[in-house]
Amino acid sequence: MSRVPEKPTIDGVEARFVKQWEQDGIYRFDRTAKRENIFSIDTPPPTVSGSLHMGHVFSYTHTDTLARFWRMRGKSVFYPMGWDDNGLPTERRVQNFYGVSCDPSLKYVAGFEPPFRGDPPKDAKPVPVSRPNFIELCDELTAQDEKVFEDLFRRLGLSVDWSLLYTTISEHARRTAQSAFLRNLERGEAYTQEAPTLWDVDFGTAVAQAELEDRERPGAFHKLKFREADDESKSIIVESTRPELIAACVGLVAHPDDARYQHLFGKNALTPIFGVEVPVHPHPLAQPDKGSGIAMVCTFGDLTDVIWWRELNLATRPTIGRDGRFVAQAPEIMSAQAQAKYARLAGKSAKQAQTLTVEMLRETGELTEEPRAITHPVKFYEKGDRPLEIVTSRQWYIRNGGRDEKLREKLLSRGDELTWHPDFMQHRYANWVGGLNGDWLVSRQRYFGVPIPLWYRLDKNGEIIYEHPLVPVVGQLPVDPSTDMPQGFTADQRGAPNGFAGDPDIMDTWATSSLTPQLAGHWVDDSDLFERIFPMDVRPQGHDIIRTWLFSTMVRSNFEHDVAPWKNASLSGWILDPDRKKMSKSKGNVVTPSDLFDQYGSDAVRYWAACARPGVDTAFSEDQMKVGRKLATKLLNLTKFVLGAGSNETTTSTGAQPKDLVDQAMLVRLAEVVDEATTALEQFDYARALERTEAFFWWFCDDYVELVKTRAYGETQDSSSARVSLHRALGIVQRLLAPMLPFATEEVWSWWQSGSIHRANWPTIAETLAGFNASHDAVDDLDAICLVLGAVRRTKTEAKVSQRAEVAKLVITADAKTVTMLQANLLDLRNAGSLQEIEFVVSDSNSEPTNLSAQVTLAAPLN
RNA sequence: GGGCGUUUAGCUCAGUUGGCUAGAGCAUCUCCCUUACAAGGAGAGGGUCGGGGGUUCAAGUCCCUCAACGCCCA
């Protein structure tokens with residue numbers, strides 16, 4: 001075969017085929033296909049804020065194998081890519097890259113040049129820029145990053161249709177996100193409310209429940225002496241980790257059954273330092289075994305405070321502002337003397353205030369013991385560096401069942417509409433939905449994102465009227481309320497009494513990401529396309545974002561389409577480093593994917609990923625990549641052999657069929673593999689499909705090919721049987737491996753077939769077994785032959801002679817049936833083992849279970 | 001504290017409704033230049049299947065219990 005290279009290699013195939021696939025458009029989605037012939041994928045849009053890592057390579061490979069499988073099954077595969085370039089990670093990266101910070105009060109500067117483009121010195125002071133300038137820089141940097149991402153994904157061999165690309169900050173994405181939000185508003189699913197809100201003081205933004213994480217932090221219990229209001233000689237010892245919040249204390253709570261505090265319920269206590277009167281209440285959430293069993297309620301120290309405050313109708317006396325510092329104005333209730341004490345705290349950070357408070361407590365003698373050091377979980381924003389505070393602010397929410405039992409039930413049952421892969425992942429969904437305790441907070445006090453598309457009327461004093469917000473008119477979307485105007489108003493009315501004000505906030509990044517099916521499918525402007533791909537066939541994603549991405553997408557789809565957004569959810573595991581720790585940049589154990597592509601080839605890296613069972617955390621393993629590389633190389637060499645063995649004409653032109661038992665048995669075995677691999681892939685189990693195919697492949701190379709090699713070189717009828725079987729098996733194995741090893745299989749396919757293997761038909765049992773009838777018994781017969789071959793090989797190895805060494809005499813002991821079979825199929829065995837004399841002994845089949853044994857006598861060495 | 005998952009060879013993992021002597025790859029060791037492949041091939045050694053208890057003719061597999069590790073939630 002002239003097309004077979006002299007020395008096959010997988011090095012360098014990536015660049016060639018990436019280019020060719022794009023030229024030929026083989027992954028192009030056919031949007032004329034009917035819904036039942038479409039397989040649609042809700043691809044996760046990676047965050048564009050740095051670089052792709054092994055986790056991306058891992059999970060995107062899993063999805064790609066499925067896409068390739070379904071494409072070969074004849075589906076039109078809707079496989080888009082999206083870039084999540086909206087949100088805080090991008091903002092942070094832009095700040096660090098250009099040395100700027102966003103100041104919305106500034107005016108846009110045309111032709112602005114940032115002070116740096118990459119690596120500003122550490123001591124450089126950020127240059128404040130306007131919001132439009134800042135967004136320009138975001139756009140500039142994300143465009144660069146996206147190019148790098150695309151190149152890497154192409155090199156990984158993702159069969160994405162790049163013409164379907166979407167981003168989450170584009171004009172289209174903003175229009176989609178704003179349309180969906182306005183429809184939520186219209187139906188009453190979105191609402192605004194002034195309420196206690198988790199607040200990151202460094203980022204200056206509200207944070208949603210889904211974005212929280214607990215971190216263990218050192219703290220200390222302080223024993224504080226409160227006094228009974230009726231009798232100041234009696235003290236109440238309250239233990240608190242946040243004594244600085246005494247000024248914000250609005251009550252005390254103890255468990256209703258706690259005998260120690262029964263006499264206090266309904267009475268008042270006086271706070272230390274400030275002497276403010278606060279009520280004592282029973283509440284079941286108070287923990288009798290924690291500290292002294294009675295807790296102070298502050299507005300607000302933690303989430304439990306919010307519950308107590310709400311359920312017990314307590315006063316509101318916030319002391320910490322949005323900048324994380326104590327507000328200048330002391331709570332009104334305080335006496336002049338107390339206000340003077342409070343003045344020492346004003347303007348201080350929480351930490352400084354705690355130190356000062358402890359000092360004051362010592363002065364007044366109201367710290368009864370030295371603070372007792374503990375470590376305890378503290379709530380952080382997952383991207384933040386300081387503990388969250390809780391401040392009262394006006395925010396927008398979308399209902400998610402956190403406050404509505406019926407909606408919660410509805411969303412739980414939506415989970416049943418999906419098939420989960422693996423199935424136990426549904427528990428995580430149910431667990432999260434069941435544990436929600438508030439609606440979804442979607443507004444963020446940030447800059448780079450989709451603006452909340454609303455304005456508010458101002459009253460005659462210029463105060464905002466939040467009821468009946470002004471919404472954009474049809475065709476106006478997307479809007480930026482800070483520059484665009486509501487219909488019927490003029491620019492000079494902005495901020496003026498009886499005029500209007502734009503909502504200054506943007507939406508949570510998940511408010512856009514929760515619409516990826518609508519974004520990719522062009523819900524707002526191409527209903528024909530959207531109806532063909534929605535609900536989508538599969539949502540692939542990491543199990544860590546079930547509570548965020550998966551759930552929020554479910555919420556939007558439930559409201560907008562009254563259906564689950566997909567039929568399947570496929571959850572990938574984590575990548576762990578070889579020590580079974582989660583890989584992370586801070587540990588310095590991150591490997592760059594492109595280096596691995598260079599070193600082992602893309603297919604080898606894909607092989608490693610495809611070996612991991614769905615949903616299972618997997619160790620990063622270069623060893624596994626070496627195995628993948630060996631597999632790919634072996635496939636090239638096998639193909640070279642099969643295509644080069646014997647005369648090709650007799651194979652293709654005579655219409656020969658598999659007629660030898662050995663050939664038929666091999667194909668029967670292969671048909672079983674085709675069946676298993678197909679079933680596994682239909683159930684999203686690419687790893688099983690690979691494992692079965694690979695096991696067959698190595699057996700095929702080591703045993704079958706070795707057995708028939710000599711016959712295949714010949715020119716007899718038996719040779720035709722061998723060659724036609726080799727060719728058939730080769731074509732099937734290449735296609736079975738195509739989803740996992742797209743480059744190597746495309747290479748070998750190109751040596752003897754026309755068109756791309758990735759557009760070839762997925763192999764079937766029927767084609768594997770065409771032209772003959774054979775039962776599974778044939779496989780047992782072939783196993784027996786292989787067993788004898790194995791015995792011959794073992795003897796040669798133990799004798800430390802070449803496998804080519806001649807065997808003078810082989811005595812095979814077996815039951816009568818096996819002996820008959822072997823006698824009829826001796827040719828291959830004789831060739832493969834270099835056997836001279838063969839003798840058969842029929843064993844007594846009544847005595848023991850069938851025992852096949854072979855006694856090997858080697859010929860004397862010739863020299 | 002609740003939920004979920006994991007625990008099988010030195011390492012990474014298969015082992016499907018209980019059923020042959022528990023498998024594969026890597027690593028280790030031995031041998032072999034053999035015309036597809038030495039970036040290869042042929043073999044070998046290595047496991048009381050996390051501990052304990054139970055069901056069964058039969059348990060890695062089912063039940064109970066304990067432990068360790070991981071993730072999610074409180």
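Since the model is a prediction, treat every value here as computed from it, not as a measurement. Chain A is the first sequence line, chain B the second, and so forth, proteins listed ahead of strands; every chain is numbered from 1.
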Contact list for RNA chain B against residues 677-696 of chain A - heavy-atom distance below 4.0 Å = A:Arg688, A:Glu691, A:Arg692

For B:A42, give its Watson-Crick or G-U wobble partner with both distances under 3.5 Å, or none.
-> B:U30

In Watson-Crick or G-U wobble terms, both distances under 3.5 Å, what is the partner of B:U61?
-> none

Among B:G2, B:U34, B:C71, which is the nearest nucleotide to the side chain of A:Ser802?
-> B:U34

Selection from B:C71, B:C37, B:U34 that lies nearest to any side-chain heavy atom of A:Arg804 = B:U34

B:G70 P sits how many Å from A:His543 NE2, rounded?
-> 14 Å

If you look at every strand shown and take non-hydrogen atoms under 4.0 Å, does A:Lys379 touch a base, only sugar-phosphate, or nothing?
-> nothing

Between A:Thr553 and A:Arg539, does any side-chain donor sit less than 3.5 Å from a side-chain acceptor?
-> yes

Touch class at under 4.0 angstrom, heavy-atom based, for A:Cys611 against every strand present = nothing

Parallel, tilted or perpendicular, as decided by the 30° and 60° cut-offs, for the rings of A:Trp752 and A:Trp749 = perpendicular

What's the CH2-P distance between A:Trp574 and B:C71, to the nearest Å?
-> 9 Å

With both distances under 3.5 angstrom, what nucleotide forms a Watson-Crick or G-U wobble pair with B:C71?
-> B:G3

Is NZ or CZ of A:Arg669 both nearer than 6.0 Å to the six-membered ring centre of A:Trp699 and within 45° of the ring axis?
-> yes

Return the value, rounded to whole Å, for the distance between atom CG of A:Leu636 and atom P of B:G40.
-> 13 Å

At under 4.0 Å between heavy atoms, what does A:Val705 touch on the DNA or RNA strands: base, sugar-phosphate, or nothing?
-> base

Looking only at side-chain atoms of A:Arg794, point me to the closest of B:U34, B:G43, B:C71.
-> B:G43

Within this structure, what is the CH2-to-C1' distance between A:Trp608 and B:C13, rounded to whole angstrom?
-> 14 Å

pair_partner(B:A22), Watson-Crick or wobble, both distances < 3.5 Å, evaluates to none

Charged N-O contact under 4.0 Å between A:Glu213 and A:Lys379 | no

Quick one: which of B:C71, B:C4, B:C73 gets closest to the side chain of A:His427?
-> B:C4

Is it true that a side-chain atom of A:Glu806 and a backbone atom of A:Leu835 form a donor plus acceptor pair closer than 3.5 Å?
-> no

Taking CG from A:Asp617 and P from B:G5, how many angstroms apart are they, rounded to a whole number?
-> 14 Å

Considering just the side-chain nitrogens and oxygens of A:Arg428, establish if one lies under 4.0 Å of OP1 or OP2 belonging to B:C71.
-> no

Tell me, for nucleotides 25-30 of chain B in 5' to 3' order, what letter each nucleotide earns: B for a base near a protein heavy atom under 4.0 Å, S for only sugar-phosphate near one, - for neither?
-> SS---S

Which part of the nucleic acid, if any, lies within reach of A:Arg629 when heavy atoms closer than 4.0 Å are counted: base, sugar-phosphate only, or nothing?
-> base

Considering only heavy side-chain atoms of A:Phe424, the closest of B:G41, B:C4, B:C71 is B:C4

Apply the test salt bridge (Lys or Arg N to Asp or Glu O under 4.0 Å) to residues A:Arg16 and A:Glu747: give CA-CA distance (whole Å), side-chain angles for both, the deciding distance (0.1 Å), then the verdict.
-> CA-CA 10 Å; A:Arg16 191 149 42 93; A:Glu747 170 71 2; 3.0 Å; yes

B:U35 phosphate, OP1 or OP2, under 4.0 Å from A:Lys640 side-chain N/O | no

Heavy atoms under 4.0 Å, any strand shown: does A:Gly790 hit a base, just sugar-phosphate, or nothing?
-> sugar-phosphate

